[in-house]
Structure formats: structure tokens, C-alpha cells
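One structure below.
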Amino acid sequence: ATMMGEVVEKLRLNEIYKIQEGLKEIELYKQEPVLVAFANPNTLARIVKMDITIKGKGKYELKNIQSGDDEYAQRIEVRTGCYVETPAGKLLLSPTKHLTNEMIGKTIHYSRIDPLLMAEEYVARLKVNLPDREASVINLSMTDALVQKTMDVLTTLIDVYNENWVINRNAKIKSISEIVDKRIAVTVKELNEAEVDISSYMSKNLVPDFNQASSAYFSQNLDLNKEIMDSRTQANIAKSMLATLSDTEYITLPSNSKLTDSGITSQIQEYNHLVLERNKLLANSNPNNSVVGEMNKSLKVIREGVEKSLKGMISNTNMVVNSLEKQMNTSQRQLANTPNEARHLANVKREQKIKEELYLFLLEKKEENDLSLSFASDNSQIIVAPHSSFMPIRPNKLLIILSALLMALFIPIAILLLKALLDTTVHSKKDLEGLTASYLGEIPLVKVKKKWKLLPAWLQTNPLRICLK
């Protein structure tokens, strides 16, 4: 919920302002007449609630304050621009442009929820749909009572994702650039030394033309030279990475360094990913965090594995180079008449060639990194902007009406059936059928109407008269 946490903080979704309108509460999203600002938000309880009554311009009253599970009945008078101590914490109230005369006397129900809790709630409500397994498009949807809030959440979530992607990408490129710059400086120094060595040796031994002395050597051993240079380039790159791991900790390594060993490349990618996650977590936490400690242990294990693999690669490459040099020594027997000066210069020239190729590779890598930094493109784009049909999905009016009609139809029927089943009164002679009791006669029950009370008393109490009436 890290990205959603940033969305919650940017839109202040964890602070809810509501006002009572009739029988329901209405949320004042982006229409708050007053804003609450706590002096130390990090020390607040996970849930803070209070009622803010607007007494007038710059005058407010706080009541029904709740901090966590504790409730306080005291009332606190607050003025604009003044911090005040409350049971929930030290706070400041600031009016907004939505504070009009009509709001005076009304009560605002304020709630503040821990950002992590609110982020988890929004993550639970977020629905992600992938139309196809191979598709590069995803559908994001969310339900809320406020359409504008939902649209803002989805838009901000995509913006935060793009921002984090650019930050991580730039951090990786900058770390690679630092390594490349250091290696370029070392390579330039080595090239200068090689050129000085060649120049001084040629002047001392009066060798006018190195190409003429070694043309036969290069033509016969071109393939061997290429293999030796490739192998030594691999070894130099591995040594550079090994030196970086030894000098600094928690810094990413070049993942596209042209190493032919796919296993080492996979280890480096895993190491870089964990370093970025650790540095990102450390930016919002402290080194004593338990999660950071676990990541440090994992990074140590992976770094040791990478160092072991690089050392093994260097050892294997040296063995290959030694084997190739033995083959070259065999071919050099054909150059018995070649002066010792030419052979020495050939070796120096070969070393210089390796350094030149490494230097050109590093320059190319530096240029790629500089272009990547200057061109900061987002990793995702919005195809269809967030929108709503503006048709409520809850409550379902049609379903409620149908349910009410069914209840109105079946409840009376059920009551009548239940009343008939529980009725034990004898209503007529038919109810006595099957019984052994003697039947004397039937006296009907007639309810006396109000107008009959006007009759004489003897007529009102005579059942026969009443029946006749």
C-alpha cells in the first residue's frame, strides 16, 4: 500500500469532513469550510474524531472529542490562527473560501484516520482487471459515494506510479553513471601510460614503424587476438564490478554490462532490485527498522554470491586467456626472425587495444545514461480518463421497491395463516363436530353500536332484543 499511501497523503483522504443534512450526512470533499492541522500528526491516535461548531468568523467550538478509544465531553473554544491543546493533540483551525455566512451555526463532523489504515481500505476497494494475459492494458475501477473523489484517486494513483518509476529509473542510471565515470578515469590513465610506454620504447630501440614490424603477427593471429581481447574485456568488467562491491555498499550495479554469463547477470538484477527496495524503504524509515535489517542480511548473502561468481568468472577467464596465449606462443615460433622489440611492442599494443575498446564501451554507456536522464518519459499512459456513469449502484431503488411489494403481499397472508392456526375459539356449530359434548343452543355475539346506547337500559341488556335489533 505504499503508492496508495502517497495518494492518501496527497489528497488528504484520511481526513473526512461531514455535515448533517436532514437524515443523512454529506461529505464535504474539497468543500471544507475549515481545515484542521495538527502540530504533531505522527503522534496522534489511529482514529481521531471531533465536532466543530462554527460560532462565527474566526470562532469555533470543539466538542465530542475522541482519540482512539477514549472519549472526552469537554468543550473547547478555538480562534483562527491560534494553536490550542486538545485531548487529541495540539491543533490549528484555518478557514477556507467555502466558509460563508450560511455555515455559521452549523456543526462539522471531523474524522482523521491513520493514513496506512485508509490506504489499506482504498486498496481493498480498488479493482484491477486485465482484459487479456498478453495485453499491456489494465482497467482500474473503484466505487465510492463521491464521484469526484474516486476520479481523483485513480488519476493520482497513476501519477504516483509514474513518479516512482521515474525516480527509481533515474537512481539506477545515476549509480551506473558514477561507476562508469570512475572506470573511465582509470582507463584514460592506463591508456596514457600505454602510449607513453610505446613512445619511449620506440625512441629507445629505434623502432620506426610498429605496424610494419608486427603486420605479419596481426594477420596470422587476428582470431586469437580477438578472443583474448574479448576474454580480458570480460575480466576487466568483472573486476570493475568486484571493486565496486568491495568499495561501496547498497549501490546498484550495471545490469546491462555485456557480461556473457547469464547467471551472473540474473544475480546482479536481483541484487539491484533489492537495493532499490531497501533504499526506498530507508528514505521513509530509519536504519534500525527490522525490515531494513532483514533486507541488509539478504543483500549481504546476494552480494557474497555475486562476488563469488565474479571471482570464479575472473579465474575461468584467466585460464582461457592463458590457453589462448599458449596457442599464440605456438604461432609465434614462426616469427623467430621478428625483433624482440616488435614482439614487446605487439604485446603493449594489444594491451592498448583492450583499453581502447573498454574506453569506447564506457563512453557509449555514459552517453546512453546521459540521454536516458535527459529524456524522462512515464512508464504508463492513461488511455481513457477516469469517468463515471453517475448512476448510483447502491442503494438499488428497484430492488428495494420489489422487496417492499413482496413483503406487503406475503406478510399479511402469513399473519392471517398464523392467526388461523393459533385460533382455539368455537365460532359455530361446525367447530363442535366430532366432540362428545352436549349442544344446548347457539347465542350470537352482536357488537353494540354507539347509537344503540340511546335505547332504554332494559333494551340494551336484553340479548334477545339486541339480536332482533
Side-chain angles (χ1 to χ4, degrees), residues 1-21 24-55 58-100 103-126 142-157 159-160 284-285:
T2 303
M3 286 195 297
M4 188 60 77
E6 295 183 25
V7 174
V8 170
E9 292 181 358
K10 281 190 174 184
L11 299 179
R12 300 184 64 169
L13 300 177
N14 61 317
E15 297 186 44
I16 303 172
Y17 298 81
K18 292 184 178 181
I19 189 170
Q20 192 74 29
E21 292 288 347
K24 62 180 181 179
E25 285 186 332
I26 299 177
E27 183 176 349
L28 302 174
Y29 177 68
K30 290 187 176 180
Q31 296 180 349
E32 306 92 343
V34 62
L35 293 177
V36 179
F38 286 93
N40 298 306
N42 295 329
T43 61
L44 298 178
R46 306 194 79 177
I47 298 178
V48 174
K49 295 182 179 180
M50 66 182 70
D51 292 340
I52 306 172
T53 302
I54 303 174
K55 294 292 187 179
K59 296 181 180 180
Y60 313 94
E61 183 185 66
L62 304 182
K63 58 183 179 180
N64 300 328
I65 300 175
Q66 178 181 346
S67 179
D69 296 330
D70 301 326
E71 297 183 0
Y72 304 89
Q74 66 186 98
R75 296 172 179 262
I76 302 175
E77 297 290 336
V78 183
R79 290 185 175 274
T80 300
C82 298
Y83 276 99
V84 62
E85 290 287 349
T86 69
K90 190 176 181 180
L91 60 83
L92 172 71
L93 297 183
S94 303
T96 67
K97 63 179 181 180
H98 301 289
L99 180 57
T100 60
M103 298 298 297
I104 296 176
K106 293 187 177 181
T107 300
I108 308 298
H109 304 294
Y110 171 78
S111 301
R112 185 190 185 279
I113 304 173
D114 184 78
L116 291 179
L117 292 178
M118 186 59 70
E120 291 176 358
E121 179 182 342
Y122 274 93
V123 168
R125 289 162 51 188
L126 179 65
M142 184 181 291
T143 57
D144 195 272
L146 299 178
V147 174
Q148 186 60 45
K149 179 193 281 190
T150 309
M151 295 168 62
D152 292 344
V153 170
L154 294 178
T155 303
T156 308
L157 180 62
D159 293 339
V160 169
N284 297 322
S285 181

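Both backbone and side-chain heavy atoms feed into the values below; hydrogens, waters and symmetry mates do not.
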So, does [X] use its side chain to make a donor-acceptor pair with the main chain of [Y] at under 3.5 Å?
X	Y	value
N14	I113	yes
Q66	G68	yes
T96	P33	yes

Could you pull out the closest heavy-atom pair between [X] and [Y], with the gap in Å?
X	Y	answer
V48	L44	CG2-CB, 4.5 Å
P95	L99	CB-CD2, 3.6 Å
S67	Y72	CB-CE1, 4.4 Å
Y83	A37	CE2-O, 4.2 Å

What residues, two or more places apart in sequence or in another chain, satisfy side chain to side chain contact (heavy atoms under 4.5 Å, CB included) together with [X]?
X	result
T156	V7, K10, L11, V160
E9	none
I76	L62, I65, Q74, V78, V84, T86, P87

I need the [X] [atom1] to [Y] [atom2] distance, nearest 0.5 Å.
X	Y	atom1	atom2	result
E25	Q20	CD	CD	5.0 Å
I104	I54	CD1	CD1	8.0 Å
L146	Y29	CG	OH	8.5 Å
T107	M103	OG1	CE	9.5 Å
D114	N42	CG	CG	9.5 Å
T143	L126	OG1	CG	10.0 Å

Between [Y] and [X], is there a side-chain heavy-atom distance shorter than 4.5 Å?
X	Y	result
E32	E15	no
E21	K106	yes
H109	N64	no
L157	M142	no
L93	L35	no

Worksheet entry | Pairs satisfying salt bridge (Lys or Arg N to Asp or Glu O under 4.0 Å), at least one member in residues 61-76, at least two apart |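 Sorted pair list: K55-E61, E61-R75.
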Worksheet item: Which residue pairs satisfy the salt bridge (Lys or Arg N to Asp or Glu O under 4.0 Å) criterion with at least one member in residues 43-52, sequence neighbours excluded?
Response: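 Every candidate salt bridge (Lys or Arg N to Asp or Glu O under 4.0 Å) pair involving residues 43-52 fails, so no pair, neighbours aside, qualifies.
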Worksheet item: Which residues satisfy the ring pair (Phe, Tyr, Trp, His ring centres under 6.0 Å) test with Y17, sequence neighbours excluded?
Response: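 Partners of Y17 by the ring pair (Phe, Tyr, Trp, His ring centres under 6.0 Å) criterion, ordered by chain and then number, come out as Y110.
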Worksheet item: When you look at Q31 and I26, which way does the side-chain contact (heavy atoms from CB on, under 4.5 Å) test go after all the steps?
Response: CA-CA 11 Å; Q31 296 180 349; I26 299 177; over 6 Å; no
Fill in: Derivation and outcome, side-chain contact (heavy atoms from CB on, under 4.5 Å), residues H98 and L28
CA-CA 10 Å; H98 301 289; L28 302 174; over 6 Å; no
